[in-house]
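Reckoned from all heavy atoms, side chains included, excluding hydrogens, waters and symmetry mates. Just so it is clear: chains get the letters A, B, ... in the order the sequence lines come, proteins before strands, and each one is counted from 1.
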Amino acid sequence: MTAATLAAPATPVRRTREGRWANVVLNVYMVIFFIYLFAPLLVMTLAAFNAYDYPSVTQWRGWTLKWFDALAGDTRILQGLRNSILVGIGVIAVSIPLGLSGAFILTRLQSRWNGVLYGVLVSPILTPGIILGISTLIFWRNFQVPGGLFLAMMAQATFIASYSMLMFLARLQRQDRSLEEAALDLGASSVHVFRRITLPFLAPTIFTAAVIAFLQSIENYNTTVFAIGGNWTLVTEIGSRFRFGLSPVINVIGVIFVVLTIIAATVYVILKERDRKARMAR
Amino acid sequence: MGALVRTYGRGLTTVFVALTVLWMLGMIIVPQLFMVERSLWTRQETSQITLQIDRLYNEISTLQFDAQAAADADKPAIEDRISDIEEEIAELEAQEKAPQRVYTLSNYTRMSGLHLRIFVRTIFYAALVTVLALVVCYPIAFAVAQVATPRAAAFLMLGLIVPYAINELLRVYAWLMILDYQGVLNTFLDWVGITNLAAKQWIPFLESPVSVFVAMVYAYILFMVFPIYNTLETLDRNQLEAARDLGAPTWRIHLRVAIPHAKPGIAVGCIMTFMLSAGSYAVPQIMTRGTSGDWFSQTIYRQFFESNNWNVGAAYAFTLLVVCIVFIFLMMLIFRVGVRDIAR
Amino acid sequence: SSGTVNVFAWGDYVQDNIKDAFEKETGITVNLSTYGSNDEAENKLRAAGGKGFDVVFPSVDTGPNYYKDNLLAEIDESKFKVDEVIPSIYRASINLGATNRGKRYLIPCDWGTEGMTWDSETMPDLKYGVISYGDMWKPDMNGQVAVRQKSVLVSLAIYLDATGEVKSNRAMDLYKSEEECKRVFEAVTKYAIEHRQNIGAFWNNATEATAAFTDAGCTIGQTWDTTGILLHRDTNPKWRYTMPKEGGLGWIDTMGIPSGAENVDQAYAFINFMLTPEAGGMFANNTGYNSAAVDADKHLNDEQKAAFQMAYPDPAAIDNLWWWPAQTDFFASLRSLYSEQLTNA
Amino acid sequence: MGAATAMPADTTMRGQDVVLDAVSMVFGDFTAVHRTDLEIRAGEFFSILGPSGCGKTTILRMISGFLDPTTGSVRIGGAEMRGIGPNRRPTALIFQNLALFPLMPVWENVAFGLEARGVGRKQRRERAMELIDMVALRGHENKLPGDLSGGQRQRVAIARALAVEPAVLLLDEPLSALDLKLRQHMRAELKDIQRRTGVTFIYITHDQGEALTMSDRIAVMNQGRVEQVDTTDVLYDDPATPFVATFVGEQNVFRGRVAEVADGFAVIEGPDGRLRGRNRQKLAPGDEAMVFVRPERMQFLNGAALDNVVSASIDRRDLEGPFVNLFLKRDGNEIMVHLTNSGAAGRDLGGEQRVGFAASDALVLPAGELARD
Amino acid sequence: MGAATAMPADTTMRGQDVVLDAVSMVFGDFTAVHRTDLEIRAGEFFSILGPSGCGKTTILRMISGFLDPTTGSVRIGGAEMRGIGPNRRPTALIFQNLALFPLMPVWENVAFGLEARGVGRKQRRERAMELIDMVALRGHENKLPGDLSGGQRQRVAIARALAVEPAVLLLDEPLSALDLKLRQHMRAELKDIQRRTGVTFIYITHDQGEALTMSDRIAVMNQGRVEQVDTTDVLYDDPATPFVATFVGEQNVFRGRVAEVADGFAVIEGPDGRLRGRNRQKLAPGDEAMVFVRPERMQFLNGAALDNVVSASIDRRDLEGPFVNLFLKRDGNEIMVHLTNSGAAGRDLGGEQRVGFAASDALVLPAGELARD
Ligand SMILES: Nc1ncnc2c1ncn2[C@@H]1O[C@H](COP(=O)(O)OP(=O)(O)OP(=O)(O)O)[C@@H](O)[C@H]1O
Ligand SMILES: Nc1ncnc2c1ncn2[C@@H]1O[C@H](COP(=O)(O)OP(=O)(O)OP(=O)(O)O)[C@@H](O)[C@H]1O
Ligand SMILES: [Mg+2]
Ligand SMILES: [Mg+2]
């Protein structure tokens, strides 16, 4: 499906004459844009099947699957993946509770400090990643904690917690506060209200926030590279291979991730579409 | 706080407050303060005397090694020589001072002209990348938010997200493969006949900052598209129609209706993009192969991991942080958005 | 014995054949981590507080960086078989940075060189004995030269000393004192910046070095031996590698035990194993570097012998090598300052 | 539609009376409710009617316990409520937006109050089903609120509130989110449920139509004060203040000064001449006064003699369906005449007209604030 | 309230007529508007009335140029409009949600159409101020739309649309977002502006009250078809179809089969006995038919003899203010009687009652679809 067909007229807005020319321009632009977006992916993918020893598509040495085998036998990469997953799980475990707490406080705190608190809690998002890595490293040094998976996890959680918090905040802002009041009015205790009303309401967001936290953790380089010490994650391993001996095994990883994402995204879209149809049917 | 206790009870509230304080202090504020502290002192450099002592010790070691292999006859001479040197060392060691920690602003003030230039250039380039990304992303955000059908919009969204499945490093590396001397683009141009690779005629994309811009805009598209998309999505299509009905041409509709509406999103997108590109380490590192100018982040990295000068590194990092903060405030001022608007 | 040993080595150093042989012989499991540059090794170790690894492979001249922060433990010469190392190398290493204040921390493992790699098809006139560092700075080489930021200023100093333009006692003045170092770097950097347009690519590691020739369009440059040799062998025989007439830059990589090592005995077992002739030979065949182990050359394969022959056509080529002296603080910081200037010129 | 008649009566509940004794509510320096006394009888359908912001919700929240009155006390069934939280009062609140729990099926919504009281699941469900039957939602018990229609949701909210067996049900504009037809239908249903359960209903609305059709008694509020408490007919026919007169239904208003009083009638002199109306509040000559006449009591003078006559010119004729509103202009003052649509109502009228009304159809009140248009 | 009278007339504008000639609109495989002919006269206030989804907006969008009709043509002032974009038609559209530009002050909103035409800032502002005066918003010109009340926003939208001096103003349910009182007030104001400017108004609504009070003529639509175009009184008194009869106003409906026809009257036989009504559509004996009687034409039989009589029991009495609605039950069928509130209207009634209506007040139509409740 090309961008052009995607943008095909569907609403009357774009049937107007004056809009038509603008739409042609917009469509052409979208096509160029999506080429820009996907060309690297294509190159990346092709290079994963090239028998040449370095990632390349111009030095074509024939199709091969050997890099897939090589990946399976690459203990460092596999270990890196395990480490990444470990760190990712740690990040979820740390950032979700932090994000939730921050969000609860910010939605309920009626004080002029609210703005300040908000500023502080979102600041990690607005801070360059390397600075978070550096400050974490320097900070924990004072407690004799050297760089490693733990520090990488802490450094990442610092800003990922902020992302989670924003998601929870957005959700909480859409919460109808009268629900909690209604529950209280019906005689429920505050813990009961939290368990039966607030948490279930947040549950989908907690799930998405966890997934996003995990993905951000896996993907992170700038922060991790400073805090990882002698250990490594998948990404820092790739990073250090840039400094030493890049092979198309790296591309294979890329291809696998792309395929996984497309599958996940397609499933998501199908589910959503079905949901939408179901809702329309009602 | 009262509202919090009333809704969640005392126990839960305590947990929330404790966690938030831990996060705020232990992970955000105090580490930054430690970094700042680190940037405020230096250790006096080792003196020439220390160097001299080191070298004398090495001489002894060499003599001792030689002594093992030497004929017995030569050994006394060597030993004499060793003891001479040891005396000399003793004398020098008396003069040697242990390095001291000195609090000073010199880590900031001593930024060399070169580093300052790199710094300024980085900020300038980051601003340029931001503008570029804005120009590239606005039409896309608009198309997805306002023009496409919900179905098409979902697919477009997917198209935007999929490239982000692969890591930033790989994404950028892919651009290297495209823009290189024997990259896809030059090979294509060679095939077309514009360049001649065999004769070493090629377009040196990589040798100009353009390649960094291309890759960096690419790397951060999402961070620009999403905030703008989010605001444009809330723009009532009727407003666009109303503007058109009142006779406005497309450009004026954007200028007067769509862009003003998207302002908070544009501000957030610009802040994110600027912050990411000013602090980007991987993109310039990979895209230039170190040939064209450094970005400040590379300089910081080198202070930490090459020059082994954490203190200067911390000072540089803090400087970068300050600029980012200033940029954020500037954007908030220009676009008249509050911190709260960054929540999306 | 048994247990595990955590080895932190250059990416290509401990390949499977060596690992298997060691594990088979000793029953010790090797846990391998790798790095691509001295900086990386040093800083990871520093960031990890000297913990987590049992053996590292620093280049000998970077030793002082480790001593400053007490990252390495002293070598116990009773646990390590000194005889396994070629004595001349062992001796030379003392002054190059393997010892500090009378104590030894590093044991030579292998050595290699940084010399000239060039395209013999476009430059058929160049060969051993003729080729010079100066060939990189000739006027018609726009964008065709690949160099390493960290070494190019040193080789240029050697070249300019040889031509007499900048006297520096074969670049040794760079290590003499801060003032001398500045003087030489200043002059050399000026020269380099004037000829900046020649440089087509900077490289910092083997991959980048290879890419400089295969992807970035360079035709001549200063590379590590392994880069030149592998380019010749795997990519195209037109690529040649040899020593310039001013003398190649020699480096020695060593093995050391971090101060926080937990498996010290296993570490010594590993070090001793690496310096057996068989392992040394395997190592050289694997990597293209030259083992510091006595009799390792008896286990070289033909390919490796041929490569050695190409790189060092006669013994003088080896005698004439310029070995990197132990780093001093001022050298390290001035070198990165001036190489930054060159990069950003 | 037929639901109401099919519903069985529930006999487990009983209403209690609610007394507000000198209650007031101050937020910061703004007084939302001025000192108010109010007695709501056990089992009655009581409405509080007033414009937006007049303090209706505030009163309701004081009764339900979400707010503590600044002064005065609230008693329910004779018991003082100060210090008793919303979850321990014999009241249940139905929110304007209903506040159904969107993630729980209908029956769990209904059973929530019992769940909060620790009633076992099986019992909860049984009781919930009884209530679901009562509001005629059997068959919908496992649906989520989002899958129900507006009217069904409304009934779930009622069942949920009734599940805790409140003595007083507090309803805060529960119909305002529904569309017109459904709103009218739900009026009947609410009234019916109230009648069958016997629970005291305190119903808040700013819609006079709702209040008039459902209530036993109505309190009309304005700016934090209760201006009148009465049955619907009395409120309509004998409003106590100009505000109540104009807020409830339409009125034609004439201003003037009392000239004569006699036999419970007063004659007012003003720009529209001498007008005679009932003088229920015993105004004395010289008082500033207003005369109120309902548009449906205005008549065109087809020969008939009437106490009061005004002439004006017809400006506009609004056909509203079953009736026609005629608007007459007179010196910038507008007079509205409500006529049943008799097919030709007002169609043949034009130009200057003489309209009048009987003195018994007009009410004289002391001059005061009118309801904002 | 006084705004309308204070507004000066604007003489720069003139309405044009709009003709839809065999127009239809198909979206994919769904026909939103079936082949329709419609003539809207220059300067008239024309309403299109119909339930949600019947195609009203679609027609409006074809006139304004946002949609091209699938077949047929739109002519404005005699000129064929096909191929002419919305920004070049002599129409201006007022959206349901107004679509004011929230970030521009009132005057810039009003001046936007001029700005788009390249009029200089000073002139723009002058003209905008004239229009702002016209809609009585002087003093608010520098506020943002968000700071205005609903009715003020409404007027800004009107001024903005009038600024481009359209010959035809298209209004898509412009009052639906306002509350009841304001809606009623704005009706008068809209009608007044239309009268003063002379611009053709095409007004879309699903609210029959709005359409009836404001329009010169009304087109009633149902499921993509125009069922009747007539003046308000004709529409109310002589609906052409059962749908129109029930969509516009309330009706009591009786079903049956035509038994006799004579003198323009027909007698229907059905479950409610024999009923006589006007036979405008010349039904023949044996035809399935429906008898429609307005609630306000129903009368209680106080001795008076009427053509048609039905007996039923009183179920509910809704006091709505100026009138009272009585609901009578008869075999599950509901009969509604509308009485003017005469003070005691219907209060004394109870139990079984006999109600009737004159044959001239009843209309017999062929059986057909009714408007959904
Ligand atoms: N917590 C509060 N703090 C300050 N003022 C408040 C608070 N709650 C209500 N008010 C004010 O008290 C007045 C009455 O509010 P209330 O909600 O009782 O009005 P209402 O009659 O229910 O209006 P509506 O019909 O709009 O719901 C309003 O002016 C409101 O702004
Ligand atoms: N672009 C479109 N594509 C497909 N169907 C459409 C489109 N626009 C409108 N429709 C359909 O055409 C029918 C008429 O729509 P229209 O908007 O004209 O209704 P309406 O009478 O204005 O309703 P409402 O009172 O709800 O605004 C509806 O069923 C609608 O779903
Ligand atoms: Mg309220
Ligand atoms: Mg519509």
When heavy-atom pairs shorter than 4.5 Å are enumerated against chain A, which of [options] gives the highest number?
options                       : answer
B:I221, B:L276, B:I300        : B:I221
B:A18, B:C324, B:P139         : B:P139
B:W310, B:F16, B:W251, B:F327 : B:F16
B:V136, B:V30, B:V36          : B:V136
B:V172, B:T187, B:I28         : B:I28
B:L19, B:L22, B:V184, B:L160  : B:L19

Any sub-3.5 Å donor-acceptor pair from [X]'s side-chain atoms to [Y]'s backbone N or O?
X      : Y      : value
A:Y221 : B:E168 : no
B:Y173 : A:N251 : no
B:N167 : A:E219 : yes

Check your understanding: In this structure, which one of A:V120, A:L121, A:L100, A:L98 forms a side-chain contact (heavy atoms from CB on, under 4.5 Å) with B:T20?
Key ->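 In the set A:V120, A:L121, A:L100, A:L98, the residue that makes a side-chain contact (heavy atoms from CB on, under 4.5 Å) with B:T20 is A:L121.
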Side chain, backbone, both or neither: which part of [X] has a heavy atom under 4.5 Å from chain B?
X      : value
A:T198 : side chain
A:P124 : side chain
A:A39  : both
A:Y268 : neither
A:A157 : both
A:F33  : side chain
A:L117 : side chain

Against chain A, label [X] side chain, backbone, both or neither, depending on which of its atoms sit under 4.5 Å from a heavy atom there.
X      : value
B:I253 : neither
B:V214 : both
B:A282 : both

Exercise for review: Verify whether the ring centers belonging to B:F142 and A:Y29 lie closer than 6.0 Å.
Suggested key: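 B:F142 vs A:Y29: aromatic centres not under 6.0 Å.
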Practice item. Could you tell me whether B:F34 and A:W140 have their ring centroids closer than 6.0 angstrom? Key: no
Among [options], who wins on heavy-atom pairs under 4.5 Å with chain B?
options                       : result
A:R141, A:H192, A:E181        : A:R141
A:V235, A:T107, A:V57, A:N220 : A:V235
A:A161, A:G102, A:P97, A:S56  : A:A161

Practice item. Could you tell me how the ring of B:F304 sits relative to the ring of A:F226: parallel (under 30°), tilted (30 to 60°) or perpendicular (over 60°)? Key: perpendicular
**Study point:** B:I178 side chain reached by A:P40 side chain, heavy atoms, under 4.5 Å
**Key:**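 A:P40 reaches B:I178 side chain to side chain.
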